[in-house]
Protein chains: 2
Amino acid sequence: MNIRTLCLGILNFGDATGYEIKKLSSEGRFSYYIDASYGAIYPALTRLHEEGMISLREEHQEGKPTRKVYSITEEGRQEFIANLSVDPAPDKFKSQFLFLMMCAENLTPDQIKKIIDGRISYLKCECSHMDEVREHCDHAGSQFVIGYGRAMCQAALKYMEDNREFAEQIGKDTINVEAAE
Amino acid sequence: MNIRTLCLGILNFGDATGYEIKKLSSEGRFSYYIDASYGAIYPALTRLHEEGMISLREEHQEGKPTRKVYSITEEGRQEFIANLSVDPAPDKFKSQFLFLMMCAENLTPDQIKKIIDGRISYLKCECSHMDEVREHCDHAGSQFVIGYGRAMCQAALKYMEDNREFAEQIGKDTINVEAAE
DNA sequence: TACGTCATATAACGGTTTGATATATAATTT
DNA sequence: AAATTATATATCAAACCGTTATATGACGTA
């Protein structure tokens, strides 16, 4: 799924500027499973507008750049709907935390402990962020999606709490092995 | 975390060719949280070799291209360890499935059902793939990481089974709304 | 006075996708 | 049985897509 479809999808929920699309994708109710950058959004919007998929309304403001508010057109809606019919691609997931855990025998027990503590507070933060988003949103699709994200987050937290001792042991074992050599 | 560090990390587990690094990252025990492409791996290995971070042993074969087997050097190991000390970046997660669910009111009940069925079999497939990887691997870090992935996968399956009716209702509601208009 | 928010935009960089090249073996179709 | 197609091994480059970093600038807040 490319940014083109992503912009159309967000605009299908309501008019927005490039700035707002960015915020929705990295902080709003889309943020759990999407993250687009300005460098991709602005050129995509320009092209979508040239092709008539979205229309533009300029709101001039004093001291600030002109707000360029985009709306999806009937043509754009059709392209968007057509794109929804293709089979969804597999999820993409990248985690530097898991990579670090995989290499835990190269870390000191102290480092491992710090990383795990950081992970748990990161997950708690994500979790409460999703709770917040869920409260301010009664759209059914959003409820389902945020609920999914929350379930993942809670499962991760539970796993971390149940298995942190095992992970911390890796660092301690390595020290003993090195001492024995 | 860039491919450079990723290649060093995989080579720190043992010698490998570019081809094998790719397989490990998209099918092996790293695949749950990493995925690198040939187009990134080969240039990275070439550069790493030029810089003395990895050494090269060529194995000539009949009919096939020469196998270029890389090993991490002491210098490479030092760079790798140094890179493990930085705070892990937040996870990156992208899901076309969740995007589709977010837009469920634009889909027919039939489409939603098909997407959910596909999702459940995808998750089951991922889950059994992880079980398989876990069995063939008694390295502690791998156990922790695969266990994490498995926990996520099972939580996703449970959520899907508990909430599929809710999601399927979205499509049916939309039809009724449209009929009423 | 420095940082966070609003707002658009581009250049440099990094990584993915696609496809070229080449052979052997396994599976499927005719 | 023969022919075709898919899969696995193995490296690599070009085209394309998206991220990161940065420029610009004003307003509000700590």
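Below, chains carry the letters A, B, ... as their sequence lines are ordered, and counting in each starts from 1. Owing to the predicted nature of the structure, the values given are computational and were not obtained by experimental measurement.
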Is it the case that A:R4 places NZ or CZ above or below the six-membered ring of A:F80, under 6.0 angstrom from the centre and within 45 degrees of the axis? no
Using a strict 4.0 Å threshold on nitrogen-to-oxygen distance, state whether B:K114 and B:D110 make a salt bridge. no
May I ask you to say whether B:E20 pairs ionically with B:R67, meaning some side-chain N is under 4.0 Å from a carboxylate O?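 Salt bridge: yes.
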So with a 6.0 Å cut-off around NZ of B:K158, is the heavy-atom count from everything else above 12? no
In whole angstroms, how far is the [atom2] atom of [N] from the [atom1] atom of [X]?
| X | N | atom1 | atom2 | value |
| --- | --- | --- | --- | --- |
| B:Y70 | D:dA10 | OH | P | 14 Å |
| A:Y19 | C:dC6 | OH | P | 4 Å |
| A:M1 | D:dC17 | CE | C1' | 14 Å |
| A:R4 | D:dG18 | CZ | C1' | 16 Å |
| B:I21 | D:dT11 | CD1 | C1' | 13 Å |
| A:L24 | C:dC6 | CG | P | 12 Å |
| B:E59 | D:dA10 | CD | P | 9 Å |
| B:E20 | D:dA8 | CD | P | 15 Å |

Shortest side-chain distance from B:K23, nucleotide among D:dA10, D:dT9, D:dC12: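 When the side chain of B:K23 is considered, D:dT9 is the closest of D:dA10, D:dT9, D:dC12.
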For D:dA10 and B:Q61 - does any side-chain N or O of the residue sit under 4.0 Å from the phosphate oxygens OP1/OP2? yes
Under-4.0 Å side-chain N/O to phosphate OP1/OP2 contact, B:T17 with D:dT11: yes
Give me the ring orientation class for B:F30 and A:F99: parallel if the planes are under 30° apart, tilted from 30 to 60°, perpendicular past 60°. tilted
is_close_aromatic(B:F144, A:Y159), centroid dist under 6.0 Å: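 Judged by ring-centre distance (under 6.0 Å), B:F144 and A:Y159 do meet the cut-off.
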Kindly say whether the aromatic ring centers of B:F93 and A:Y32 come within a distance under 6.0 Å. yes
Check against side chain to side chain donor-acceptor pair (under 3.5 Å), A:E27 and A:H129: CA-CA 9 Å; A:E27 294 163 32; A:H129 175 250; over 6 Å; no
Just by protein heavy atoms under 4.0 Å, how would nucleotides 19-30 of chain D read 5' to 3' in B, S and -? BB----BS----
Do the non-hydrogen side-chain atoms of B:I120 and B:R164 ever get within less than 4.5 Å of each other?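 Result yes, sub-4.5 Å side-chain heavy-atom pair found.
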Using a cut-off of strictly less than 4.0 Å between a heavy atom of the residue and any atom of DNA chain C, enumerate the qualifying residues of residues 45-56 of chain A by number.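 Contacting residues: none.
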